[in-house]
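Structure first, commentary second.
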Amino acid sequence: MRLSNRTLFVIRPIPPYDFELTVRKPAGWSLLNPLEVYREGTLWTATHFDRELVGIRLTGKGTVEHPRIDVAIFSSKRHGAGWAAGAEKLLSSMLGADQDLSQFYSFAKRDGILKHVIDDLYGMHDTFSNTIFSEAVLAILLQMAPLKRSNEMMVSFINEYGDTVEFDGERIRAWPTPQKMANVDQEELARRCRVGYRAKSIIKLAKRLLAVDFPSAEELERMDSDRAREALLELPGIGDYSADIINPHGGFPIDVWSAEVFGKLFFGKEPRNNRDAVERVKREGIRRWGKWAWMAFFYTVQDLEGLSRKLGTRIRLT
DNA sequence: GCGTCCAGGTCTACC
DNA sequence: GGTAGACCTGGACGC
């Protein structure tokens with residue numbers, strides 16, 4: 001699909017805001033999907049706004065202390081000022097442009113681990129996708145697989161079932177939609193994308209999101225954190241760990257790998273059994289970081305190399 | 001080359 | 001209400 005109509009506007013994030021760190025996070029987390037393109041300060045990506053597939057070009061301008069993002073949204077239809085205002089509000093939120101980091105930084109400066117990561121990643125904001133389906137599928141594909149295999153499943157899923165848009169000289173594939181996946185055969189999905197038993201959860205998830213009036217990402221953000229989490233736990237294939245990943249309020253998503261990492265940071269040694277240590281490590285993280293647990297988790301996993309160096313602790317990176 | 005184990009969880013049957 | 005076992009696949013490891 002070729003997208004030729006452009007809507008232009010500027011976003012001025014709350015400083016400090018490091019555009020590159022925010023849209024291309026050091027641990028390899030992409031803004032919206034792993035197939036988006038980043039080149040010399042500009043990101044090309046694609047998503048759905050109100051079920052309409054749009055292309056997005058973001059260019060970081062200014063400095064960390066005086067940031068500016070030039071935005072171009074490419075669509076097949078022409079849109080008016082009202083649509084543009086809605087898109088600007090949504091994208092600002094997705095880019096974390098309205099996050100004020102000052103309180104988190106004040107807290108982090110007094111913590112033996114966090115004081116290092118906020119120094120290394122100064123100005124990195126948290127971002128989130130506007131579609132629950134993509135976040136939930138990502139969480140499902142992370143389950144019971146090494147990161148390399150999760151990435152392979154993710155790329156295969158997007159290539160096999162995502163729509164391609166052409167805009168601004170780029171070709172970008174977007175995450176598949178629940179509308180499309182609800183009609184796909186489970187065995188076909190498993191075979192084409194090598195996702196194994198996860199295919200069942202993905203198809204059931206797509207059907208559930210279409211069948212009931214499930215809250216949107218924005219609605220989940222307006223709920224209190226516990227209520228949002230409860231809603232997410234009702235989705236097929238979404239348990240404790242995945243709900244913490246998807247929840248716009250953030251959680252403390254400890255799995256086998258992060259139990260090892262945080263176990264080492266908290267207690268100075270690797271747990272004897274990572275799977276058994278998950279609950280203990282999670283409790284300690286929430287006790288230590290309280291309402292900042294998500295931001296602390298987010299910053300820490302992006303800076304494991306820096307922390308290994310500064311703390312003199314060998315941490316497994318992936 | 002082959003068999004076994006296990007990995008960045010979740011669900012379900014069984015007690 | 002608590003928990004053991006199953007679940008796709010592919011890489012690592014031992015033999």
Check: If pairs are Watson-Crick or G-U with both distances under 3.5 Å, what is the dot-bracket string of DNA chain C, marking crossing pairs with [ ] and pairs to another strand with |?
Finding: |||||||.|||||||
Does any donor atom in the side chain of [X] or [Y] lie under 3.5 Å from an acceptor atom in the other side chain?
X	Y	value
A:Asn159	A:Ser156	no
A:Gln179	A:His48	no
A:Asn247	A:Trp294	no

Atom-to-atom span, [atom1] of [X] to [atom2] of [N] - whole angstrom:
X	N	atom1	atom2	answer
A:Arg194	C:dC7	CZ	P	17 Å
A:Arg191	C:dT9	CZ	P	11 Å
A:Met153	C:dC8	CE	C1'	9 Å
A:Arg198	B:dC11	CZ	P	13 Å
A:Leu141	C:dT9	CG	P	14 Å
A:Glu187	C:dC7	CD	P	15 Å
A:Glu152	C:dC8	CD	P	19 Å

Would you measure the distance from the [atom1] atom in [N] across to the matching atom in [M] and give it in whole Å?
N	M	atom1	result
C:dG5	B:dC5	P	14 Å
B:dG8	C:dC13	P	13 Å
B:dA13	C:dC8	P	15 Å

Next item on the list: Begin from the C-alpha positions of A:Trp44 and A:Phe74 and carry the test ring pair (Phe, Tyr, Trp, His ring centres under 6.0 Å) through to its verdict.
Entry: CA-CA 10 Å; A:Trp44 289 267; A:Phe74 296 79; 9.5 Å; no
Next item on the list: Say whether A:Ile203 and A:Trp175 are linked into one hydrophobic cluster, either directly or through other cluster members, by side-chain heavy-atom distances under 4.5 angstrom.
Entry: yes
Notebook entry, point to check: Under a 4.5 Å side-chain heavy-atom rule over Ile, Leu, Val, Met, Phe, Trp and Tyr, are A:Leu3 and A:Leu91 clustered together?
Noted result: no
Margin query: Does the protein touch nucleotides 4-10 of chain B at the base, only the backbone, or not at all? Give it as B, S and - per nucleotide, heavy atoms under 4.0 Å.
Written below: ---BBBS
Checklist line | Row check, A:Phe266 ring normal vs A:Arg287 NZ/CZ: under 6.0 Å, within 45° | finding: no
Notebook entry, point to check: Salt bridge check: are A:Lys89 and A:Glu218 linked by an N-O gap of less than 4.0 Å?
Noted result: no
Check: Any idea which heavy atoms bring A:Gly237 and A:Ser201 closest together, and the distance?
Finding: CA-OG, 3.8 Å
